[in-house]
Protein chains: 2
Amino acid sequence: MAEADVNEEVAALLRRADQRYTTGRRRVVDVLEHSGGPITITQILAADESLSQSSVYRNLTILEEVGAVTRIVTGDDFTRYELAEHLTEHHHHLICSDCGEVTDFSLDDSTESMLDSAFHQAAKANGFTATAHRLDLFGTCGNCA
Amino acid sequence: MAEADVNEEVAALLRRADQRYTTGRRRVVDVLEHSGGPITITQILAADESLSQSSVYRNLTILEEVGAVTRIVTGDDFTRYELAEHLTEHHHHLICSDCGEVTDFSLDDSTESMLDSAFHQAAKANGFTATAHRLDLFGTCGNCA
DNA sequence: ACGCGTAACGAGAATCGTTTTCATTCTCGG
DNA sequence: CCGAGAATGAAAACGATTCTCGTTACGCGT
């Protein structure tokens, strides 16, 4: 999705929730858009020095509530954030157990659709209403190998 | 796996790492074995009042290091633990976004093997060595619906 | 059996990522 | 242009987890 479209879409999501698309929020979205994968608060603050920690935390929470951003928990001590999937592409994560770095990857369409139906069936069998799934690979990245 | 076998296997894992299978550790394993899914430290402490918080944290860390226990991060504020897969069965998780409860589910073998090969391929394409994967469904459980 | 050295324990203190507070600064409708 | 409600930022509070340290229990050699 083009940058302008992302901004427009995020603005719409915020407006729908009676929230403003302030400068700080736009800056956070910009940082997320230009980093090729989920990043930590620390990385966001480093990428744009004009941001203050508490506002970034608060705004990420709001952006997540309106569906513009997704929170990623990897197992190391830092929560990571990325733009929501409908603003990017459907993808999954390769998580380096060594350095904690997270990078995106995709599966081909046939695998994905097969997964979807398997999930749907499994959820149904457990009286569960599934709204999302998480699919991550753990291992060692090229750098750490 | 039968309870006696689990204890034996855990004992072996600990011995291999020059660790002792103490009463406290066995009690933690027992609690994990009798709860049908990943549980929090709080739940473990509630399930066996003889356990002390600091020791449970420490022992879970050790049990994870020797490969007897797996740490599960769901997104709420609590880390959960379960017995490692080779002590149970290969399975995935249904995570209730509402109450945080986690329950196990399985996919059929053909789906699993297809997933495995897709993962292998995706990891390879990214210069990544995959050692494990995580596959969770988020949604609403029967109780919360 | 008896000690000894070391591992494990338990209660509380410390840590640190995250959340909250609160006074100040923006922003938008009227 | 004003005023009310949002959003901000710095600093304090919070809380799950980890660490500290004195005590207890285990395994092993004698």
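None of the values given here were measured: they were computed from a predicted structure. Throughout, protein chains are lettered first and strands after them, A, B, ... in sequence-line order, and every chain is numbered starting at 1.
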Find the distance Tyr21(B):OH to dC9(C):P and express it as a whole number of Å. 12 Å
Report yes or no: do Tyr81(B) and Val66(B) belong to one cluster of Ile/Leu/Val/Met/Phe/Trp/Tyr joined by side chain heavy-atom distances under 4.5 Å? yes
Distance in angstrom units between Arg71(B) CZ and dA16(D) P, rounded: 15 Å
Arg20(A) has an atom CZ; how far is it from atom P of dC26(C), in whole Å? 13 Å
Only one of Asp104(B), Thr74(B), Thr103(B) clears side chain to side chain contact (heavy atoms under 4.5 Å, CB included) with His93(B); which? Asp104(B)
Touch class at under 4.0 angstrom, heavy-atom based, for Thr79(B) against every strand present: sugar-phosphate
Taking atom P of dT19(C) as reference, at what distance in whole Å does atom CD of Glu65(A) sit? 11 Å
For His133(A), ring-ring contact (aromatic ring centres under 6.0 Å, His included) partners two or more places apart: His90(A), His92(A), Phe119(A)
Under a plain distance cut-off of 3.5 Å, with no hydrogens placed, do Arg26(B) and Thr23(B) share a side-chain donor-acceptor pair? no
Please report the distance, rounded to the nearest Å, between CZ in Phe78(A) and P in dT15(C). 16 Å
Backbone of Arg20(B) reached by a side-chain donor or acceptor of Arg25(B) within 3.5 Å: yes
Please state whether the phosphate of dT8(D), meaning OP1 or OP2, lies under 4.0 angstrom from any side-chain nitrogen or oxygen of Thr22(A). yes
Give the rounded distance in Å between these two atoms: CD1 of Ile44(A) and P of dT18(C). 10 Å
Which whole-number value in Å describes the distance from Asp76(B) CG to dT19(C) C1'? 16 Å
Nearest heavy atom decides the nucleotide; on that basis, is Tyr81(B) or Arg25(A) closer to the 5' end of DNA chain D? Arg25(A)
The residue, Asp77(B) or Thr23(A), whose nearest nucleotide of DNA chain C is more 5′ is Asp77(B)
When rounded to the nearest 0.5 Å, the distance separating OH of Tyr57(B) from CG of Leu45(B) is 8.0 Å
Can a donor-acceptor pair be found, under 3.5 Å and without considering hydrogens, that links the side chain of His91(A) to the backbone of Gly37(A)? no
Selection: residues 45-64 of chain A, any non-hydrogen atom under 4.0 Å of DNA chain C: Gln53(A), Ser54(A), Tyr57(A), Arg58(A)
Just the rounded figure in Å: distance from C1' of dT27(C) to CG of Asp18(A). 15 Å
